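Below: one structure, written as C-alpha cells.
All residue numbers in this chain count up from 1 along the given sequence. Everything numeric here is computed off the predicted structure, so don't read it as measured data.
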Amino acid sequence: MKKIFLPIILLNMVSCQSDDVADNMAGSVEIADVVLAHFKNDYTDGVSVQVADGNITISSTGLPNHKTPYWGAGNEMYEDFPEGYHANVNTSMSAHNYRMTIATMPAASGNHEETTLGPIGMAVNGVPIYNDREGGNVALDALTITTFDYSGAHPGPGKDYHYHTTGRYTTVDDDHLVGFLRDGFPIYGRRDQDETYPADLDTYGGHFGTTSDFPNGIYHYHASNVNYLNTGYYILKAGAYYGTKGTFTQ
Ligand SMILES: [Zn+2]
Ligand SMILES: [Zn+2]
C-alpha cells in the first residue's frame, strides 16, 4: 500500500505548483485591469490603452488634466507659479505622441538598469515621469526647481511637460497611485495603504506589499520621503529600475 501512496502525494505536489502559476497569472491580469481603470485624461482626451500579446501600450499627448502656469496666461487651466517660482527658459508646453509599452507580467530584472534622462514612466493622466536628473544628466538643482509648478513639473526644451516630484494634482502626502514606470511596476505616493510611511524600501525605492489596487500584493515603488533640497518637493523616483525597462517612444 505504501508504494501506491507515494506517487499520489507527488502528483498532489505537482498540481499545487500549477495552482501557484495560475495565481500569478491572475495577478498579472490585474495589472492590465488597473491600467485600464486608472489611465485617463478627461481634459485633453489624450490617453488610450491597448492590451495585446502580453503587453500594455499606453498612448498619450502628455498634456496634464490639471492647472499649471504652463497652459499660458488666459487659458482656463492657468494658475500661478508657487511664490518665488517662475518660468525660466521653457515657458510653454505642447502635445506629443507618447507611447509607453509595459509587460502584463512584469518581473524583477537581473541587471537593474539605471534610469536615465527622459521619460522613465507615465502618470495615470498620461504625463511622463522623469527621475531626479535634468539636462546634462545632472541632479536637479535649486535654480531648476524654481521653474516647477505646484505639481513638481515643467516642460523641457522640447515643450515636453513632465513630473519630477510629488505635487498638488498627483500625490502630496498620501498613498495615491501616481502611475507606472517603464518596467511595468506601479508607483505610489509617500505612504502605504495603511497611511504609514514604508520603512523597508529597497535600493530601488520599492517593496512588495498590498496596495488599494492590488489587494494580493505587488512590487511597487514609492515617492521619496526626503524633502528634496528643502524645497517641499519629493522626488518621485531616482536610481535604477527594479524590473526590465519597456519602450517609451515620442
Ligand atoms: Zn525636467
Ligand atoms: Zn508600499
Side-chain angles (χ1 to χ4, degrees), residues 44 46 58-73 75 77-102 112-123 125-171 178-183 187 203-205 221 223-224 226-242 245-250:
T44 69
I58 310 161
S59 306
S60 83
T61 66
L63 292 173
N65 59 341
H66 56 71
K67 293 182 176 181
T68 168
Y70 290 106
W71 282 113
N75 188 292
M77 298 288 273
Y78 176 88
E79 72 175 357
D80 251 333
F81 284 94
E83 189 177 349
Y85 285 55
H86 54 86
N88 188 3
V89 178
N90 310 297
T91 56
S92 66
M93 58 184 182
S94 63
H96 289 256
N97 188 18
Y98 295 129
R99 287 168 71 89
M100 181 172 82
T101 300
I102 58 178
H112 299 291
E113 184 179 345
E114 286 292 322
T115 61
T116 53
L117 196 65
I120 66 164
M122 189 183 281
N125 61 1
V127 172
I129 296 170
Y130 278 40
N131 65 5
D132 62 341
R133 303 276 139 176
E134 199 51 51
N137 201 28
V138 296
L140 285 165
D141 59 25
L143 180 64
T144 303
I145 290 174
T146 62
T147 68
F148 283 5
D149 60 14
Y150 279 108
S151 297
H154 63 178
K159 301 181 184 295
D160 46 353
Y161 185 81
H162 54 267
Y163 299 125
H164 284 280
T165 71
T166 61
R168 177 180 279 181
Y169 301 106
T170 52
T171 176
V178 177
F180 281 75
L181 296 194
R182 285 172 59 172
D183 63 358
I187 179 168
T203 184
Y204 315 107
Y221 298 99
S224 160
V226 175
N227 185 348
Y228 189 72
L229 302 179
N230 208 29
T231 57
Y233 290 108
Y234 296 78
I235 296 291
L236 287 170
K237 162 67 184 165
Y241 293 101
Y242 176 72
K245 182 180 71 174
T247 61
F248 194 120
T249 60
Q250 49 188 301

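- Relative orientation of the Tyr130 and His162 rings is parallel, given thresholds of 30° and 60° on the angle between their planes.
- Between Tyr163 and Phe148, the ring center distance fails the sub-6.0 Å criterion.
- Atom CG in Asn65 sits 4.5 Å away from atom CG in Asn125 (nearest 0.5 Å).
- Interatomic distance, NZ of Lys237 versus OH of Tyr204, reported as 9.0 Å (0.5 Å rounding).
- Ring orientation note: the planes of Tyr169 and His66 are close to parallel, at an angle under 30° on the 30°/60° scale.
- Checked by atom type and distance alone, the side chain of Ser151 never pairs as donor or acceptor with a backbone atom of Ala153 at under 3.5 Å.
- In this structure, the separation between OG1 on Thr165 and CG on Asn131 is 12.5 Å, given to the nearest 0.5 Å.
- In this structure the side chain of Tyr150 never reaches within 4.5 angstrom of the side chain of Lys67, judged on heavy atoms.
- Separation of atoms CD1 (Ile102) and CD1 (Ile58) is listed at 4.5 Å; rounding is to 0.5 Å.
- In this structure, Arg99 CZ and Thr247 OG1 are separated by 8.5 Å, a value rounded to the nearest 0.5 Å.
- A side chain to side chain contact (heavy atoms under 4.5 Å, CB included) with His164 holds for exactly one of Ile145, Leu236, Thr144, Leu140; it is Leu140.
- Arg182 contributes a side-chain N or O that, together with a main-chain N or O of Gly246, makes up a donor-acceptor pair within less than 3.5 Å.
- Taken to the nearest 0.5 Å, the OG1 atom of Thr249 stands 7.0 Å off from the CG atom of Asn97.
- Here the shortest heavy-atom pairing between Leu229 and Ala142 reads CD1-N, 3.8 Å.
- Of the charged side-chain nitrogens involved, at least one lies within less than 4.0 Å of a carboxylate oxygen, so that Glu79 and Arg168 count as a salt-bridged pair.
- Using a 30° and 60° split on the angle between ring planes, Tyr98 and His96 fall in the parallel class, below 30°.
- Between Tyr241 and Thr115 there is a side-chain heavy-atom pair separated by less than 4.5 Å.
- Smallest separation of non-hydrogen atoms from Gly126 and Ser60: O-OG, 2.7 Å.
- The two atoms that bring Phe81 and Tyr85 nearest to each other are CB-O, 3.3 Å, heavy atoms only.
- No hydrogens or angles considered: a donor-acceptor pair under 3.5 Å links the side chains of Asp183 and Tyr221.
- Lys245 pairs in a side chain to side chain donor-acceptor pair (under 3.5 Å) with only one of the listed residues (Glu113, His112, Glu114), which is Glu113.
- Of the possible donor and acceptor atoms, none in the side chain of Asp160 sits under 3.5 Å from a partner among the backbone N and O of Pro155.
- Using a 4.5 Å heavy-atom cutoff, the side chains of Gln250 and Pro119 are in contact.
- A heavy-atom distance below 4.5 Å is found between the side chains of Tyr70 and Thr147.
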Test side chain to side chain donor-acceptor pair (under 3.5 Å) on Tyr228 and Asn230; report intermediate values, then the result. CA-CA 5 Å; Tyr228 189 72; Asn230 208 29; over 6 Å; no
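- Proximity of Pro64 to Met93: side-chain heavy atoms (C-beta onward) are separated by under 4.5 Å at one or more points.
- Summarising the geometry of Tyr233 relative to Thr166, their closest heavy-atom pair is CD2-O, 3.7 Å, with the distance given to 0.1 Å.
- The minimum heavy-atom distance between Gly158 and Ser94, with the atom names listed, is O-OG, 4.3 Å.
- Taking every heavy atom of both residues into account, Ile187 and Ala223 meet most closely at CG1-N, 4.4 Å.
- Other residues, nucleotides and ligands contribute more than 12 heavy atoms inside 6.0 Å of the CZ atom of Arg133.
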